[in-house]
Amino acid sequence: MHDVKSSIIRTVDILRNSFNDVLITGSYLINKVFSVKINPEDTINEAETLSSMFRDTAVLTDDIGFLNSLGSLNIARIRGSLVVFVYDIHDIKPFCNLMSLPCLEPWDSGSLLKAVKEGRDYSETFELPYVVRLGPWLSIDESISGVGVRRREPTFNKNWGEPMRWGLNRLLGGINRRIPEEVRIRSRDNITIIGKGDGILISGSAWSFIKDQL
């Protein structure tokens, strides 16, 4: 638990140097490191409120906390950015596929920073929550500090004029959510040709988006 604790604390430092707001929630694992005061579902609701004010928001949780927040995450409306970092002991990818949520899987410090920046920037662009899967396999360099916080003035609900933005269409829209085509196109960039075209290597985060197109 000592290495896991150090990795989680190091991750929080990186998130605080990359997002306007960092919320921490979860279950048994996260409670071993922090004293969690808000349950996962309420945390996603709070993150949605911060996103409505055009703020970059990160949520750190564990796999159990992630599963407990899926209901709120499915209907969350993204205006700033919302990226959920999940310390995953089991495997949340099937649930991300079921909910049509992009799931990035960094494997080292460099790819973690890329995942932080991609999740933060493209979550706002596509108005879609991003998920970044973390775990004991991820070794974080002590010299890594984050990608820098974007300093912007908060704006309360920049799409305040959207009709029925808190009504029934909000719930139904979450159920029928589809991955934007831009996400699928970008996923193809994660295909690497092996040798002289005799094989390909596809990153885990891209596979679920393009497996049916190969």
Report the C-alpha separation of Ile78 and Phe126 in whole Å, then their side-chain angles, then the decisive distance to 0.1 Å, and conclude whether the side-chain contact (heavy atoms from CB on, under 4.5 Å) test is met.
CA-CA 8 Å; Ile78 310 304; Phe126 299 133; over 6 Å; no
For the pair Arg150 and Glu124, find out whether any cationic side-chain nitrogen is under 4.0 Å from an anionic carboxylate oxygen.
yes
Taking the basic N atoms (NZ, or NE/NH1/NH2) and the acidic carboxylate oxygens, is any pair closer than 4.0 Å for Arg77 and Glu48?
no
Between the main-chain N or O of [Y] and the side-chain N or O of [X], is there a donor-acceptor pair closer than 3.5 Å?
{"X": "Asp62", "Y": "Gly65", "answer": "yes"}
{"X": "Arg10", "Y": "Glu142", "answer": "yes"}
{"X": "Asp21", "Y": "Thr57", "answer": "no"}
{"X": "Ser109", "Y": "Asp141", "answer": "yes"}
{"X": "Thr25", "Y": "Thr61", "answer": "no"}

Please say yes or no: joined through hydrophobic side-chain contacts below 4.5 Å, possibly via intermediate residues, are [X] and [Y] part of one cluster?
{"X": "Ile144", "Y": "Ile9", "answer": "yes"}
{"X": "Ile89", "Y": "Val132", "answer": "yes"}
{"X": "Val86", "Y": "Ile64", "answer": "no"}
{"X": "Leu29", "Y": "Trp137", "answer": "yes"}

Atom [atom1] in [X], atom [atom2] in [Y]: separation rounded to 0.5 Å?
{"X": "Ile44", "Y": "Asn68", "atom1": "CD1", "atom2": "CG", "answer": "11.0 Å"}
{"X": "Leu134", "Y": "Ser7", "atom1": "CG", "atom2": "OG", "answer": "7.5 Å"}
{"X": "Leu50", "Y": "Met53", "atom1": "CG", "atom2": "CE", "answer": "4.5 Å"}
{"X": "Cys96", "Y": "Leu70", "atom1": "SG", "atom2": "CG", "answer": "8.0 Å"}
{"X": "His90", "Y": "Leu67", "atom1": "NE2", "atom2": "CG", "answer": "9.5 Å"}
{"X": "Phe85", "Y": "Ile14", "atom1": "CZ", "atom2": "CD1", "answer": "9.0 Å"}

For Asn39, all residues meeting side chain to side chain contact (heavy atoms under 4.5 Å, CB included), sequence neighbours excluded:
Glu41, Asp42
Val12: which residues meet the side chain to side chain contact (heavy atoms under 4.5 Å, CB included) condition with it, sequence neighbours left out?
Arg16, Ile24, Phe34, Leu60
Given Asp56, Asp13, Val116, the one that forms side-chain contact (heavy atoms from CB on, under 4.5 Å) with Ser18
Val116
Is there side-chain contact between [X] and [Y], with at least one heavy-atom pair below 4.5 Å?
{"X": "Phe19", "Y": "Val83", "value": "yes"}
{"X": "Leu112", "Y": "Leu138", "value": "yes"}
{"X": "Ser123", "Y": "Leu128", "value": "no"}

By side chain to side chain donor-acceptor pair (under 3.5 Å) - contacts of Lys117 (at least two apart)
Asp121
Using side chain to side chain donor-acceptor pair (under 3.5 Å) as the criterion, list what pairs up with Ser35, not counting sequence neighbours.
none
Chi angles and distances behind the side-chain contact (heavy atoms from CB on, under 4.5 Å) call for Val59, Leu82:
CA-CA 8 Å; Val59 175; Leu82 174 56; 3.9 Å; yes
For Tyr87, all residues meeting ring pair (Phe, Tyr, Trp, His ring centres under 6.0 Å), sequence neighbours excluded:
none
Trace of the side-chain contact (heavy atoms from CB on, under 4.5 Å) decision for Tyr130 with Glu118
CA-CA 9 Å; Tyr130 264 63; Glu118 176 173 338; 4.1 Å; yes
Side-chain donor-acceptor pair present, Ser111, Asp108, cut-off under 3.5 Å
yes
Looking at Arg120 and Ser81, what are the two nearest heavy atoms and their distance?
O-CB, 3.0 Å
Between Leu73 and Pro129 the two heavy atoms that sit nearest each other are CD1-CB, 3.9 Å
Under the salt bridge (Lys or Arg N to Asp or Glu O under 4.0 Å) rule, what pairs show up with a residue in residues 128-140, not counting sequence neighbours?
Asp88-Arg133, Asp91-Arg133, Glu105-Arg133
